[in-house]
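Here the structure comes first, spelled out in structure tokens, and everything after it is commentary.
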Amino acid sequence: MPKNRHKKPRRSPQPSHPTPIPTATAASLPLPLFIAGLIVLAIGLLATGTLSLSYLPNLDPPGCAINSPCEAARKSAFSKVPGIGWPVAYLGFAFVVAMLVAWLSSYKVGIGRGLAWMARTGALISLAYLGLIIIKRFQGENLLCAWCIASHLANLGFLGIVEFTRRSTTPAPALRSMPIVATAAVGFIIATAGTAAIHVKSTQLRDERDLAEAEESTQRLVEDQQRRTEAQQQSPDQDVRITDSDLPRGVGPLDPRYSTEVAFDFPREARRTDDEGFTGRYRLGDADAPIRLVVLSSYTCVHCKSIEEQIIQILRDRDDVSFSHKHVSMTRPCNTSGVEPGRNNDCWASRAAETAGILGGPEGFWAMHMWLFSQSGSFTDQTFPAQLRTMGFNHTEFLRIMQSEETLSIVQRDVTEARSLGIAETPMVFINGVEFRGFRAPGALRRAVESLARTNPPRAFATTDRPPGAFEKYLEDWRQEPVRVIQDNDTFVARRGSENAPVQILVWIDYQAESSKLLDDKLAAILARRDDVSVVYRHFPANTACNNTPRLRDVNPLACRLARGIEAAGVIGGSEAYWGMHEFILNSQQAFTADNIDQLLADEAEMLALDRSTFLQTMDSPAIGRAVQNDIRAMTSAGLSSSVVTVLINGRQLSRWFERDMPVLETAIQEAADEVSAGVIP
């Protein structure tokens with residue numbers, strides 16, 4: 001028998017295969033990377049969304065206040081798409097929406113070339129803008145907008161996540177990634193269309209409000225001129241005409257030492273005014289023009305620049321109009337009460353214009369005036385000397401005079417006059433001594449001038465133009481206010497006086513603000529002598545711990561806690577406890593600190609016969625927080641400004657109630673009572 005008879009047959013060798021290495025498939029992006037992408041895109045949405053809101057009328061989101069880097073970026077030449085003028089922020093928002101849609105769609109498919117190249121494109125554009133921001137910074141222009149930086153960093157961060165994810169996963173096949181690109185495109189189009197619709201609608205609503213105000217203001221202007229014309233016809237002896245040849249010419253042409261090298265095309269003859277009455281120091285046009293425009297404005301004010309451009313065009317088209325300018329600087333030392341943030345160059349710009357007038361006469365003033373508006377009042381120590389030499393000035397002499405007390409006192413006199421006229425914001429426009437409102441409506445100023453011209457106003461001097469003082473303006477501002485519909489507070493109504501009183505006063509206060517104590521004292525004195533007034537108090541703490549209203553200045557860190565304490569006292573102990581806590585807090589404002597506030601409030605609660613433990617628990621309850629939030633929403637939803645103290649009298653806001661030497665509050669209350677008695681519904 002053969003030896004190998006019982007051996008098993010040999011199998012043919014099989015090829016050996018290495019153990020496969022597990023990899024992520026195209027259908028499963030790593031969850032941590034996917035979430036990281038969502039977080040970065042959420043940051044991008046917040047940043048670009050906030051920037052987009054800053055372009056909407058009457059909206060200044062946090063970080064985008066007047067003259068902030070955000071506003072500077074918004075006003076720069078690079079903030080709009082060339083040719084169409086569409087804000088880049090709108091495109092940035094739509095782009096992030098498209099990326100978000102594509103990222104969500106890629107979770108089950110994988111990242112294809114389309115998404116990768118879209119992310120690269122966004123990052124490349126962001127790198128270009130970041131480079132531009134750095135270059136402008138070295139040139140003295142601050143475009144370091146926090147929201148802009150955040151949006152660009154989000155684009156770069158998203159690209160990093162996309163590239164890392166592509167290297168650690170299987171890329172999506174081309175056929176499967178194409179629908180993602182198409183979906184992203186649809187998201188971009190929808191976001192763009194939605195942004196455009198919101199922009200158009202908000203602009204339309206603003207224009208409608210401005211137009212209505214402008215039409216009403218124009219009607220008052222025409223009626224005032226008709227009354228003045230009739231009065232002049234009844235007293236013909238006072239109608240004295242003086243021709244241009246009889247007028248003082250003031251300072252002559254530009255001093256030969258400062259012969260300008262730049263040609264400035266003035267729309268009318270430039271003169272220095274030696275006239276009395278309501279006019280500026282320098283005038284374009286005839287002293288006795290039938291239509292005399294005087295504008296109180298600031299070189300750093302956006303609306304001031306717009307109205308200036310309109311006036312210059314009107315002067316080019318008409319020979320019956322004159323124009324003069326008065327300074328309203330919003331910063332110290334030109335304005336001793338100036339507190340408006342961001343306008344750091346405002347005072348120096350006004351002093352520069354006056355220096356140009358001192359050295360170069362009317363032509364020098366108007367040349368500098370127009371240049372400052374073209375720059376939005378912005379210049380630096382590095383760039384200004386070169387501009388002065390270009391305009392023909394000796395920069396050493398110019399700077400010496402600009403920094404002198406002479407120019408400071410000139411601007412301060414204008415600011416003092418503006419305050420005497422009740423200015424609240426710039427610009428303030430007067431036509432023949434009558435304030436013109438609603439000038440923001442497109443073409444409103446030109447229509448007002450044309451309407452006035454149709455009445456054939458006689459030639460007259462600035463001595464005939466006597467605008468009303470601040471007291472009358474404050475009351476007129478209140479009369480012109482719309483009646484607001486206010487959301488009720490369903491937690492506790494804090495009322496003093498009869499619910500059926502003819503005069504209903506609604507106030508929002510911050511209990512840490514000194515002005516709240518001032519208002520409360522005024523209202524207490526009024527309630528003590530009148531029985532036809534009712535006052536309701538609501539909360540508006542200037543503290544971002546409970547109040548995220550845009551443009552709010554976070555100045556009172558204890559305000560939210562104080563509001564909770566008063567609400568808790570009212571909920572537990574009713575009106576008596578509410579008003580007891582109200583009086584205690586307003587009379588003890590300086591005693592509260594972050595360390596003792598709860599103890600002091602609880603001590604007062606015990607004095608008001610409230611259980612200490614129950615009071616503290618109620619103060620921290622969600623219901624009390626909702627009550628404070630309800631008050632804040634009621635104010636903002638009514639379109640009221642973000643002020644720590646706001647006063648409504650029969651539904652109309654009285655902005656300047658706090659004037660100590662004027663009975664503005666008392667007079668408005670009496671007028672409101674008279675309106676009700678006469679059956680007049682405002």
Give the C-alpha distance, both sets of side-chain angles, the deciding distance and a yes or no for side-chain contact (heavy atoms from CB on, under 4.5 Å) between Ser376 and Lys305. CA-CA 7 Å; Ser376 298; Lys305 181 178 181 180; 3.8 Å; yes

Hey, are [Y] and [X] close enough side-chain-wise for a donor-acceptor pair under 3.5 Å?
X: Thr195; Y: Thr192; value: no
X: Ser298; Y: His327; value: no
X: Asn345; Y: Ser378; value: no

Kindly indicate, with the supporting measurements, whether the criterion side-chain hydrogen bond (donor to acceptor under 3.5 Å, both in side chains) is fulfilled by Asp510 and Ser516. CA-CA 6 Å; Asp510 176 323; Ser516 296; 5.5 Å; no

So which heavy atom on [X] is nearest to which on [Y], and how close?
X: Ser297; Y: His325; value: OG-CE1, 3.1 Å
X: Val645; Y: Ser515; value: CG2-OG, 3.2 Å
X: Ala638; Y: Arg484; value: O-NH1, 3.0 Å
X: Phe384; Y: Ala352; value: CZ-CB, 4.1 Å
X: Gly438; Y: Ala444; value: O-CB, 3.5 Å
X: Ala119; Y: Val162; value: CB-CG2, 4.3 Å

I want to check something: taking the side chain as every heavy atom from C-beta on, are [X] and [Y] in contact at a cut-off of under 4.5 Å?
X: Thr426; Y: Met330; answer: yes
X: Thr646; Y: Gln653; answer: yes
X: Phe188; Y: Leu91; answer: yes
X: Val507; Y: Leu648; answer: no
X: Ile311; Y: Val295; answer: yes
X: Ser643; Y: Phe540; answer: no
X: His539; Y: Asn630; answer: no
X: Arg447; Y: Leu211; answer: yes

Could you walk me through whether Trp103 and Phe158 satisfy the ring pair (Phe, Tyr, Trp, His ring centres under 6.0 Å) test, starting with their C-alpha distance in whole Å, then the side-chain angles of each, then the deciding distance to 0.1 Å, before giving a yes or no? CA-CA 10 Å; Trp103 187 245; Phe158 182 66; 5.4 Å; yes

Stepwise, does the side-chain hydrogen bond (donor to acceptor under 3.5 Å, both in side chains) test hold for Thr618 with Ser621? CA-CA 5 Å; Thr618 303; Ser621 68; 5.7 Å; no

Any sub-3.5 Å donor-acceptor pair from [X]'s side-chain atoms to [Y]'s backbone N or O?
X: Glu567; Y: Ala627; answer: no
X: Ser306; Y: Val302; answer: no
X: Gln512; Y: Ala559; answer: yes
X: Ser151; Y: Gly44; answer: no
X: Ser374; Y: Trp371; answer: yes

Dump the intermediate steps for side-chain hydrogen bond (donor to acceptor under 3.5 Å, both in side chains) on Tyr90 and His199, then the final yes or no. CA-CA 10 Å; Tyr90 289 0; His199 181 89; 2.7 Å; yes

Of the options Ile190, Thr183, Ile189, which is the one that meets Val186 in a side-chain contact (heavy atoms from CB on, under 4.5 Å)?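 It is Ile190, the one option of Ile190, Thr183, Ile189 that forms the side-chain contact (heavy atoms from CB on, under 4.5 Å) with Val186.
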
Less than 4.0 Å between a side-chain N and a carboxylate O, is that true for [Y] and [X]?
X: Arg437; Y: Asp477; result: yes
X: Glu163; Y: Arg120; result: yes
X: Arg626; Y: Asp631; result: no

Starting at [atom1] of [X], measure out to [atom2] of [Y] and round the result to the nearest 0.5 Å.
X: Thr50; Y: Phe93; atom1: OG1; atom2: CZ; value: 10.0 Å
X: Asn547; Y: Asn543; atom1: CG; atom2: CG; value: 8.0 Å
X: Ile597; Y: Leu562; atom1: CD1; atom2: CG; value: 4.0 Å
X: Ile307; Y: Ile312; atom1: CD1; atom2: CD1; value: 11.5 Å
X: Ile111; Y: Phe164; atom1: CD1; atom2: CZ; value: 11.0 Å
X: Ser217; Y: Gln480; atom1: OG; atom2: CD; value: 8.0 Å

His303 and Phe439: CA distance, side-chain angles, deciding distance, ring pair (Phe, Tyr, Trp, His ring centres under 6.0 Å) verdict: CA-CA 9 Å; His303 294 302; Phe439 53 80; 7.2 Å; no

Would Asn335 and Ser329 satisfy side-chain hydrogen bond (donor to acceptor under 3.5 Å, both in side chains), going step by step from the backbone distance to the final call? CA-CA 6 Å; Asn335 188 339; Ser329 172; over 6 Å; no

So does Gln313 have more than 12 non-hydrogen atoms from other groups sitting under 6.0 Å from CD? yes

CA sep, side-chain torsions, deciding dist, call: Asp598, Arg564, salt bridge (Lys or Arg N to Asp or Glu O under 4.0 Å): CA-CA 11 Å; Asp598 282 6; Arg564 278 180 169 267; over 6 Å; no

Checking Asn155 against Ile125 for the side-chain contact (heavy atoms from CB on, under 4.5 Å) test, could you report, in this order, the C-alpha distance in whole Å, the side-chain angles of both residues, the deciding distance, and whether it holds? CA-CA 9 Å; Asn155 275 344; Ile125 294 174; over 6 Å; no

Chi angles and distances behind the side-chain contact (heavy atoms from CB on, under 4.5 Å) call for Leu115, Val181: CA-CA 7 Å; Leu115 174 57; Val181 176; 6.0 Å; no

Specify whether Tyr129 and His152 have parallel, tilted or perpendicular ring planes, treating 30° as the upper limit for parallel and 60° as the lower limit for perpendicular.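 The arrangement is parallel - the two ring planes meet at less than 30°.
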
Validation row, ring centre Tyr299 to ring centre His369 under 6.0 Å: yes

Take Leu640 and Trp508, measure what side-chain contact (heavy atoms from CB on, under 4.5 Å) needs, and give me the verdict at the end. CA-CA 10 Å; Leu640 296 167; Trp508 282 264; 3.7 Å; yes

